[in-house]
S.K.: 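Please see the structure below; I have some questions.
Nothing fancy with the numbering, it's 1 onward along the sequence. Source: prediction; values computed, not measured.
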Amino acid sequence: MDERMLTKGVEARYRKGHGKAPVVITTLEGVDAFVDDLLDGEDDCCTLAEVYSQDRELHSSGFPDHQLVVGADRSLDLGLVSYMDQKRNFTSVGAPETRTRPTYHFVWNMTQFADHSEIPIPLVRQAVKEFLTSGGQRPTCIEWQPETFGA
């Protein structure tokens, strides 16, 4: 991927205080630093991030029309990626031997995901890099399954 392809970047929220001051990522190296930081989650309370592209227009409500959710589990060297837009929600498809209903933590909230949705960390990195360089489109480097949260 060519660094010149990058435009405005993405905003990531995954620690206390990021609501008003998100981390802005504009380079591929920045994606690696972000995933490394997520892997170092504070006592497993911050293993999930919300990521939004700054290249996409806001919805008429003033909020983003999309969301990339990124989870990272240091103990398993696995993570997951979830993508939501106005039409559907998707979660990464992992190997059959990965956990059922994996749980990740975003600051104070726990979120469970679809069975067997965890993928290797290098693939998580690749998906976030593609999200960054594509201007916020759903990454094509991973397989997706429809997600129904809380089901």
S.K.: Let's go through F113 and V69 carefully: what are the C-alpha distance in whole Å and the side-chain angles of both, what is the deciding distance for side chain to side chain contact (heavy atoms under 4.5 Å, CB included) to 0.1 Å, and is it a yes or a no?
M.R.: CA-CA 11 Å; F113 292 89; V69 174; 4.0 Å; yes
S.K.: Do you know which two heavy atoms are closest between D115 and R101, and how far apart they sit?
M.R.: OD1-N, 3.0 Å
S.K.: I need the minimum non-hydrogen distance between E130 and R138, along with the two atoms involved.
M.R.: OE2-O, 4.3 Å
S.K.: In Å, rounded to the nearest 0.5 Å, how long is the span from SG of C46 to CZ of R13?
M.R.: 14.5 Å
S.K.: With sequence neighbours left out, write down each residue that passes side chain to side chain donor-acceptor pair (under 3.5 Å) with R88, or none if nothing qualifies.
M.R.: none
S.K.: Report yes if some heavy atom in the side chain of L68 is under 4.5 Å from a heavy atom in the side chain of V81; otherwise report no.
M.R.: yes
S.K.: Ion pair present between D65 and K87, side-chain N to carboxylate O less than 4.0 angstrom?
M.R.: no
S.K.: Just so I know, are the side chains of Y52 and P22 near enough to count as touching, which here means a heavy-atom distance under 4.5 Å?
M.R.: no
S.K.: Over all heavy atoms of both residues, which pair between S82 and F90 is shortest? Give the atoms and the distance, please.
M.R.: OG-O, 3.0 Å
S.K.: Is the backbone of G136 close enough, under 3.5 Å, to the side chain of H66 for a donor and an acceptor to pair up by distance?
M.R.: no
S.K.: Counting distance only, does the side-chain N/O of H116 pair as donor-acceptor with the main-chain N or O of T98 below 3.5 Å?
M.R.: yes
S.K.: Quick one: do R99 and D73 make a salt bridge, cutoff under 4.0 Å?
M.R.: yes
S.K.: Rounded at 0.5 Å granularity, tell me how far CD in Q67 sits from CG in D85.
M.R.: 11.0 Å
S.K.: Return yes if some donor-acceptor pair links the side-chain N/O of D55 with the main-chain N/O of K8 below 3.5 Å, else return no.
M.R.: yes
S.K.: Give the cluster check for L123 versus F34: same hydrophobic cluster or not, with ILVMFWY residues linked at side-chain heavy-atom distances below 4.5 Å.
M.R.: yes
S.K.: So how far is it from T27 OG1 to L132 CG, rounded to the nearest 0.5 Å?
M.R.: 7.5 Å
S.K.: Can you check whether Y104 reaches L38 side chain to side chain, under 4.5 Å on heavy atoms?
M.R.: no
S.K.: Linking I/L/V/M/F/W/Y whenever any side-chain heavy atoms sit under 4.5 Å apart, do I142 and V124 land together?
M.R.: yes
S.K.: Let me see the working for E118 and S92 under side-chain hydrogen bond (donor to acceptor under 3.5 Å, both in side chains), right down to the final yes or no.
M.R.: CA-CA 7 Å; E118 292 172 299; S92 49; over 6 Å; no
S.K.: For residues Y83 and R56, report the shortest heavy-atom separation together with the two atoms involved.
M.R.: OH-NH1, 2.7 Å
S.K.: Between OG1 of T103 and CE of M110, what distance do you get to the nearest 0.5 Å?
M.R.: 6.0 Å
S.K.: Just how far is it from atom CD of E50 to atom NE2 of H18, taken to the nearest 0.5 Å?
M.R.: 12.0 Å
S.K.: In terms of hydrophobic clusters joined by side-chain contacts under 4.5 Å, are L39 and I25 together?
M.R.: yes
S.K.: Under a 4.5 Å side-chain heavy-atom rule over Ile, Leu, Val, Met, Phe, Trp and Tyr, are V51 and I121 clustered together?
M.R.: yes
S.K.: With a 4.5 Å limit on heavy-atom distance, are the side chains of V23 and Y14 in contact?
M.R.: yes
S.K.: Quick check on the hydrophobic clustering: are V93 and L80 connected, directly or via other members, by side-chain heavy-atom contacts under 4.5 Å?
M.R.: no
S.K.: Where is the tightest heavy-atom contact between K129 and L28, given as atom of each residue plus distance?
M.R.: CE-O, 3.6 Å
S.K.: Rounded to the nearest 0.5 Å, how far apart are CG of D32 and CZ of R125?
M.R.: 5.0 Å
S.K.: For residues H59 and P64, determine if any side-chain heavy atom of one lies less than 4.5 Å from a side-chain heavy atom of the other.
M.R.: no
S.K.: Taking all heavy atoms of F106 and all of L48, pick out the closest pair and write down the distance.
M.R.: CD1-O, 3.2 Å
